[in-house]
K.L.:
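Please read through the structure below; I'll follow up with questions.
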Number of protein chains: 2
Amino acid sequence: MRKGVLEYCILSILSRREAYPSSIIDMLKQANMLVVEGTVYPLLIRQKNQGLLTYRWEESPQGPPRKYYMLTDKGRAQLAEMDVAWKEIIETINMLKNG
Amino acid sequence: MRKGVLEYCILSILSRREAYPSSIIDMLKQANMLVVEGTVYPLLIRQKNQGLLTYRWEESPQGPPRKYYMLTDKGRAQLAEMDVAWKEIIETINMLKNG
DNA sequence: TTTTAGTACCTTGTTGTGCAAAGTATAAAA
DNA sequence: TTTTATACTTTGCACAACAAGGTACTAAAA
């Protein structure tokens with residue numbers, strides 16, 4: 001069931017602060033939202049191509065440079081829509097369960 | 001985002017009472033969970049093949065006979081697991097949004 | 001100076017889900 | 001007997017998630 005909400009999770013994470021893919025994966029793992037690189041990298045690229053995200057390179061203290069992603073205005077608008085949609089889904093489930 | 005929770009929705013509907021596919025689709029539509037036949041029929045067959053559902057034929061007052069689906073014990077157990085998983089997903093989203 | 005270890009980003013091929021569209025079948029009304 | 005309404009089913013496509021493997025940069029160890 002977690003599958004469908006991944007896009008929402010990533011926008012939510014980036015709404016708090018910019019982050020690079022490896023750290024996003026770590027955050028999702030810590031939140032019990034297990035995912036793998038092969039899922040997250042293409043998803044970030046898709047969201048960037050939709051104009052929801054943008055990024056900048058930054059040198060790392062150790063290792064190769066990091067690609068810091070952040071929300072665009074369009075991404076913030078999309079997140080606001082998804083906040084509404086998410087509440088509706090929760091309502092819907094409650095309705096189906098309780099009548 | 002609705003996509004991933006369809007299986008859960010159907011088990012939830014059938015936990016209240018048995019139902020035939022056309023009426024399940026109507027219930028989902030009324031709950032703003034828009035779906036189409038080409039999604040629901042294969043899903044019901046999948047859940048039946050997994051042993052989560054069973055069905056019986058019943059004559060309709062008008063039109064062709066209806067295929068009434070109902071939960072098996074295994075289906076009820078699966079639903080209980082999904083109830084837990086669903087709560088966890090809601091918690092996870094909250095955590096990602098608020099830290 | 002070459003190799004290894006650690007970190008980070010990316011791609012390819014497979015699988016399964018959701019959907020549009022078309023198809024089959026029953027029953028009753030026109 | 002054709003149409004209308006209801007109901008179940010199948011086919012082919014598109015795309016998302018994943019496993020697995022690949023590329024590349026940096027620093028420390030050999």
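Numbered from 1 within each chain, the chains take letters A, B, ... in sequence-line order.
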K.L.:
Look at R76(B) together with D73(B) and state whether they make a salt bridge at an N to O cut-off of under 4.0 Å.
P.N.:
yes

K.L.:
Whole angstrom is fine here: how far is it from OH in Y41(B) over to P in dG23(C)?
P.N.:
18 Å

K.L.:
Please report, rounded to the nearest Å, how far the C1' atom of dT7(C) is from the CD1 atom of I24(A).
P.N.:
16 Å

K.L.:
Considering only side-chain heavy atoms of E37(B), which listed nucleotide, dA22(C), dG18(C), dC19(C), is closest?
P.N.:
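Comparing dA22(C), dG18(C), dC19(C) against the side chain of E37(B), the answer is dA22(C).
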
K.L.:
Taking atom P of dA16(D) as reference, at what distance in whole Å does atom CD of Q47(A) sit?
P.N.:
11 Å

K.L.:
What is the separation between atom CD1 on I45(A) and atom P on dC9(C), rounded to the nearest whole Å?
P.N.:
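After rounding, the gap between these two atoms is 11 Å.
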
K.L.:
Report the residue (P64(A) or G38(A)) whose heavy-atom-nearest nucleotide on DNA chain C is the more 5′ of the two.
P.N.:
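In this pair, the answer is P64(A).
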
K.L.:
Would you say the side chain of K67(A) lies within less than 4.5 Å of the side chain of W57(A), judging by non-hydrogen atoms?
P.N.:
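They are in contact (side-chain heavy atoms under 4.5 Å apart), so the answer is yes.
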
K.L.:
Just wondering, more than 12 heavy atoms not from R17(B) lying within 6.0 Å of its CZ?
P.N.:
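No - once you tally the heavy atoms of other residues, nucleotides and ligands closer than 6.0 Å, there are 12 at most.
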
K.L.:
Nearest to the side chain of Y20(B) - dA8(C), dT11(C), dA7(D)?
P.N.:
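From the listed options, dA7(D) comes nearest.
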
K.L.:
Report yes if some heavy atom in the side chain of E88(A) is under 4.5 Å from a heavy atom in the side chain of N32(B); otherwise report no.
P.N.:
no

K.L.:
Take atom CG of N49(B) and atom C1' of dT17(C), then tell me their distance rounded to the nearest Å.
P.N.:
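Rounded to the whole Å, the gap is 15 Å.
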
K.L.:
I need the OH-P distance between Y55(A) and dA8(C), as an integer number of Å.
P.N.:
18 Å

K.L.:
For a quick test of reading the model: is some side-chain N or O of R46(B) closer than 4.0 Å to OP1 or OP2 of dT17(C)?
P.N.:
yes

K.L.:
Taking atom CD of Q50(B) as the centre, does the number of heavy atoms from other residues, nucleotides or ligands within less than 6.0 Å exceed 12?
P.N.:
yes

K.L.:
In the structure I gave you, are the side-chain heavy atoms of Q30(A) and M95(B) within less than 4.5 Å of one another anywhere?
P.N.:
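Counting from C-beta outward, Q30(A) and M95(B) never come under 4.5 Å.
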
K.L.:
Suppose we call two aromatic rings close when their centres sit under 6.0 Å apart. Are Y20(A) and Y68(A) close by that rule?
P.N.:
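Yes: the rings meet the under 6.0 Å criterion.
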
K.L.:
Just report the end-to-end axis angle for the helix from dT1(C)-dA30(D) to dA30(C)-dT1(D), five pairs per end, to 10 degrees.
P.N.:
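Axis-to-axis angle, ends of the helix: 30°.
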
K.L.:
Which atoms form the tightest heavy-atom contact between E7(A) and L52(A), and what is the distance?
P.N.:
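What the structure gives for the nearest pair is OE2-CD1, 4.1 Å.
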
K.L.:
In terms of side-chain heavy atoms of S60(A), which of dA17(D), dG18(C), dA8(C) is nearest?
P.N.:
dA8(C)

K.L.:
Identify the two heavy atoms, one from G51(A) and one from T72(A), that lie closest to each other, and give their separation to 0.1 Å.
P.N.:
O-OG1, 2.6 Å

K.L.:
Looking only at heavy atoms, what is the nearest atom pair of V35(A) and I25(A), with distance?
P.N.:
O-CG2, 4.3 Å

K.L.:
For R2(A) and P65(A), take the nucleotide of DNA chain D holding the closest heavy atom to each; which residue's nucleotide lies nearer the 5' end?
P.N.:
R2(A)

K.L.:
How close or far is atom C1' of dA7(D) from atom CD of Q62(B), stated in whole angstroms?
P.N.:
12 Å

K.L.:
Quick one: which of dG18(C), dC9(C), dA27(C) gets closest to the side chain of E59(B)?
P.N.:
dA27(C)

K.L.:
Need one value for T39(A): base, sugar-phosphate or nothing, where a base atom within 4.0 Å counts as base even if backbone is also close, heavy atoms only.
P.N.:
base

K.L.:
Please work out which residues in residues 81-93 of chain A have a non-hydrogen atom less than 4.0 Å from an atom of DNA chain D and list them by number.
P.N.:
none

K.L.:
Provide, to the nearest angstrom, the distance between the NZ atom belonging to K3(B) and the C1' atom belonging to dG16(C).
P.N.:
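The distance from NZ of K3(B) to C1' of dG16(C) comes to 13 Å, rounded to the nearest Å.
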
K.L.:
Let's see if you can work this out: which of dC8(D), dC18(D), dG18(C) has an atom nearest to the side-chain heavy atoms of W57(B)?
P.N.:
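Between dC8(D), dC18(D), dG18(C), the one nearest the side chain of W57(B) would be dC8(D).
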
